[in-house]
Q: 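Please find one structure pasted underneath; my questions will follow.
The basis for the numbers below is simple: all heavy atoms, side chains too, and nothing from hydrogens, waters or symmetry mates. Since the structure is predicted, the reported quantities are computational estimates derived from the model, not experimental observations. Throughout, protein chains are lettered first and strands after them, A, B, ... in sequence-line order, and every chain is numbered starting at 1.
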Amino acid sequence: MPELPEVEVCRRLLAPKLVGRRIASVRCGPPSYFFLTPPRRLEQSLVGEPVTALERQGKYLLMALGEGRRLLLHLGMTGQLYIAGARSPRLIRRVERERLAQGSAAVESDPHTHLMLEFEDGGPGLRFRDVRKFGKVRLLAAGESDSRLDKLGRDALSVDGELLFAASRGRKVPIKTLLLDQGVLAGVGNIYADEALFLAGIRPTRPARRVTREQCARLAEQVRRVLERSIETGGSSISDYIAPDGNDGQFQNERRVYAREGEACGTCASVIKRIVIATRSSHYCPRCQR
DNA sequence: ACCGCACCCTGAGCGC
DNA sequence: TGCGCTCAGGGTGCGG
């Protein structure tokens, strides 16, 4: 489940491989929920475009093209953005993994790869694969905006306690729900919300308005720390996520609570609990988090 | 304004 | 062995 660190790792690894190249051809999968811009239009409009930069806003990637045009990309839950030729078991459907293991021949064309870009220099292209199609791709004209981007709050890497404190006043929702609100903080998802709350010693169910100024400061610091640490380790590869080179991230090995229900807390050895908050599974240590 | 919830999608894992 | 059910959750949109 790609959150800010996974998207940022993608950006850092892809930028040097894409910026300065010019798109030669585009192939798309069939129209679907995934395409905000119809695939036929992408196939026509992207040809000849130079890639001039790769930027990130929250969990969105923006590929800057010629004359102010931009390609908006979102990885959703299962999105994989990678350089053609990268290898990873996560890129192969299970039926085909089994067929390969039995020594059978080539892998069939993959129905989950929705966007393929090739470049004029003839080097390896870009692939966007997304099993569940919760990802998004949209071509933005020069000066055109996207309501999703307009609604984003402060980038989570630069959050401070005062911002959290101000945003949480008068809010009855659990503090975790506030962390997940992209309009307040852009980039935090389920994994890092749970991890930051653990590191700050705050129970995820605590009503936002009852989190003190001091706790907000601690929480903001831990949000930044956990995101930065995850970026350093290449992000979390828990279900589908891979880096653009096909490698797994390593942050899942440093999780303290996420998906550790029933295990012993690394700090106090209490049993990690799992509850549901706003339809998201949430994990915390009942002793370390009050 | 705020908040809870249904929905979009597919594959893994489980019980029978 | 295989079928059908539930769950996973980022983001949008709707109803109360």
Q: Pick base, sugar-phosphate or nothing for A:K59, based on heavy-atom distances below 4.0 Å to the nucleic acid.
A: sugar-phosphate
Q: Over how many whole Å does the gap from A:Y192 atom OH to C:dG10 atom C1' extend?
A: 15 Å
Q: Considering just the side-chain nitrogens and oxygens of A:H74, establish if one lies under 4.0 Å of OP1 or OP2 belonging to C:dG11.
A: yes
Q: Which comes earlier along DNA chain B counting from the 5' end, the contact point of A:V173 or that of A:Y33, where each point is its nearest nucleotide?
A: A:V173
Q: Before you tell me yes or no, could you show the steps for A:K17 and A:D245 under salt bridge (charged side-chain N to carboxylate O under 4.0 Å, His left out), namely the whole-Å CA-CA distance, both residues' side-chain angles and the distance that decides it to 0.1 Å?
A: CA-CA 10 Å; A:K17 294 188 184 296; A:D245 51 14; over 6 Å; no
Q: Would you kindly give the CG-to-P distance between A:L72 and C:dG11, to the nearest whole Å?
A: 11 Å
Q: For residues A:Y192 and A:S236, is any side-chain donor paired with an opposing acceptor at under 3.5 Å?
A: yes
Q: May I ask you to verify if any side-chain N or O of A:H112 is less than 4.0 angstrom from the OP1 or OP2 atom of B:dG11?
A: yes
Q: State the pairing partner of C:dC14; accept Watson-Crick or G-U wobble contacts with both distances under 3.5 Å, and report none otherwise.
A: B:dG4
Q: Would you say a side-chain N or O of A:R148 is under 4.0 Å from OP1 or OP2 of C:dT12?
A: yes
Q: Please determine, for the side chain of A:K172, which listed nucleotide (B:dC3, C:dG11, B:dT10) has the closest atom?
A: B:dC3
Q: Expressed as a whole number of angstroms, how long is the span from A:D181:CG to C:dT12:P?
A: 11 Å
Q: For A:F35, which contact category applies under a 4.0 Å heavy-atom criterion: base, sugar-phosphate, or nothing?
A: nothing
Q: Using whole Å, report how far CG of A:L4 lies from C1' of C:dG10.
A: 14 Å
Q: Could you point out which residue of A:R70, A:R138, A:R69 forms a salt bridge (charged side-chain N to carboxylate O under 4.0 Å, His left out) with A:E144?
A: A:R138
Q: Hey, which of these two, A:T177 or A:V131, hits DNA chain B nearer its 5' end, going by closest nucleotide?
A: A:T177
Q: In whole angstrom, give the distance that lies between atom CG of A:L178 and atom P of B:dG4.
A: 12 Å
Q: Can you give me the closest heavy-atom contact between A:L140 and A:S145, atom names plus distance?
A: CD2-O, 3.7 Å
Q: Does the structure show A:F134 stacking with C:dG11, if we require the centres to be closer than 5.5 Å and the planes to be within less than 30 degrees of parallel?
A: no
Q: Starting from the 5' end of DNA chain C, give me the residue, A:K151 or A:E3, whose nearest nucleotide shows up first.
A: A:E3
Q: Of the nucleotides C:dT12, C:dG10, B:dC9, which one has an atom closest to the side chain of A:K133?
A: B:dC9
Q: OP1 or OP2 of C:dG10 less than 4.0 angstrom from a side-chain nitrogen or oxygen of A:Q182, does that happen here?
A: no
Q: A:L180 CG to B:dG4 C1': how many Å, rounded?
A: 14 Å
Q: Is the backbone N or O of A:F128 less than 3.5 Å from a side-chain atom of A:Y82, with the two atoms forming a donor-acceptor pair by type?
A: no
Q: Rounded to the nearest Å, what distance is computed from the CD atom of residue A:Q57 to the C1' atom of nucleotide C:dG11?
A: 16 Å
Q: Taking the six-membered ring for Trp, are A:H283 and A:Y258 parallel (under 30°), tilted (30 to 60°) or perpendicular (over 60°)?
A: perpendicular
Q: Check step by step if side-chain contact (heavy atoms from CB on, under 4.5 Å) holds for A:I242 and A:N247.
A: CA-CA 6 Å; A:I242 53 160; A:N247 289 331; over 6 Å; no
Q: Give the residues of residues 273-284 of chain A touching DNA chain C, defined as any heavy atom closer than 4.0 Å, sorted by residue number.
A: A:R274, A:R280, A:S281
Q: When the distance from CZ of A:F34 to P of C:dG11 is rounded to whole Å, what number comes out?
A: 14 Å
Q: For A:S158 and A:R224, does a side-chain donor sit closer than 3.5 Å to a side-chain acceptor?
A: no
